[in-house]
Amino acid sequence: QVQLVESGGGSVQAGGSLTLSCTASGNIFRIVAMGWYRQAPGKERELVAQVTSGGSTNYADSVKGRFTISRVNAMNTVYLQMNSLQLEDTAVYYCNFRGYSDYVNALDVWGQGSLVTVSS
């Protein structure tokens with residue numbers, strides 16, 4: 001009974017910035033981690049950034065120093081601030097939720113996807 005709603009996708013020129021947001025709603029018993037994945041045409045989905053319930057973060061090597069993931073409201077909402085965007089960042093970005101609906105049942109929930117297009 002958890003849903004993710006994303007916003008903030010769009011088009012930007014190389015070197016520009018964009019911020020994505022993702023809010024989880026429903027009966028959330030426990031959040032383990034929330035993060036962002038992306039998938040470019042012809043490529044597999046890959047982890048971009050993740051933040052755990054303890055506040056630790058994990059970034060793909062390709063975005064370290066350029067992207068920042070942050071959380072608010074007990075991790076119900078996460079943001080991905082993307083700076084110095086490059087053509088290679090063009091992809092559909094998906095918010096991901098990992099947690100529990102109760103103390104037994106694990107959840108793995110995905111957002112609807114947000115298209116980010118970086119142009120020259």
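When a residue number appears, it is its place in the shown sequence, counting from 1.
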Do [X] and [Y] have side chains that approach each other closer than 4.5 Å (heavy atoms only, starting at C-beta)?
X    : Y    : answer
N58  : L47  : yes
M34  : L4   : yes
W36  : N96  : no
Y79  : V72  : yes
L18  : V118 : no
L115 : Y93  : no
F29  : N27  : no

message: Could you check, using the six-membered ring where one of them is a Trp, whether F97 and W110 have ring centers closer than 6.0 angstrom?
response: no
Are [X] and [Y] joined in one hydrophobic group, where the rule is that I, L, V, M, F, W and Y side chains link up if heavy atoms are under 4.5 Å apart?
X    : Y    : answer
I28  : Y103 : no
L20  : I31  : yes
Y100 : L107 : no
L87  : M82  : yes
V48  : Y94  : no

Drop me the distance from [X]'s [atom1] to [Y]'s [atom2], to the nearest 0.5 angstrom.
X   : Y   : atom1 : atom2 : value
Q81 : T68 : CD    : OG1   : 5.5 Å
S62 : Q86 : OG    : CD    : 11.0 Å
S25 : Q3  : OG    : CD    : 4.5 Å
S11 : L85 : OG    : CG    : 11.0 Å

task: Dump the intermediate steps for side chain to side chain contact (heavy atoms under 4.5 Å, CB included) on V51 and V78, then the final yes or no.
output: CA-CA 8 Å; V51 58; V78 293; 4.0 Å; yes
message: Please evaluate residues S53 and V32 with respect to the criterion side chain to side chain contact (heavy atoms under 4.5 Å, CB included), reporting the C-alpha separation (whole Å), side-chain torsions for both, the decisive distance (0.1 Å), and the verdict.
response: CA-CA 5 Å; S53 60; V32 174; 5.7 Å; no
Which atom names give the shortest non-hydrogen contact between [X] and [Y], and what distance separates them?
X   : Y    : answer
A40 : T90  : CB-O, 3.7 Å
E6  : G111 : OE2-CA, 3.3 Å
S7  : S114 : N-OG, 4.4 Å

- prompt: Which pairs pass disulfide (SG to SG under 2.5 Å) with one or both residues in residues 25-66, sequence neighbours excluded?
  reply: none
- prompt: Run the side chain to side chain contact (heavy atoms under 4.5 Å, CB included) check on F67 and L80 step by step: do they pass?
  reply: CA-CA 7 Å; F67 291 10; L80 184 67; 4.2 Å; yes
task: Mind checking salt bridge (Lys or Arg N to Asp or Glu O under 4.0 Å) for D108 and listing every partner two or more places apart, or none if nothing turns up?
output: R98
message: Taking salt bridge (Lys or Arg N to Asp or Glu O under 4.0 Å) as the cut-off, I'd like each qualifying pair that reaches into residues 10-39, sequence neighbours left out, listed once.
response: R38-E46, R38-D89
query: Is a donor on one side and an acceptor on the other found under 3.5 Å between the side chain of Q39 and the backbone of V92?
result: no
query: Is it the case that T23 and T77 place a side-chain donor and acceptor less than 3.5 Å from each other?
result: yes
message: Whether the S119 and Q13 side chains hold a donor-acceptor pair (N or O, under 3.5 Å, no angle test) is what I'd like checked.
response: no
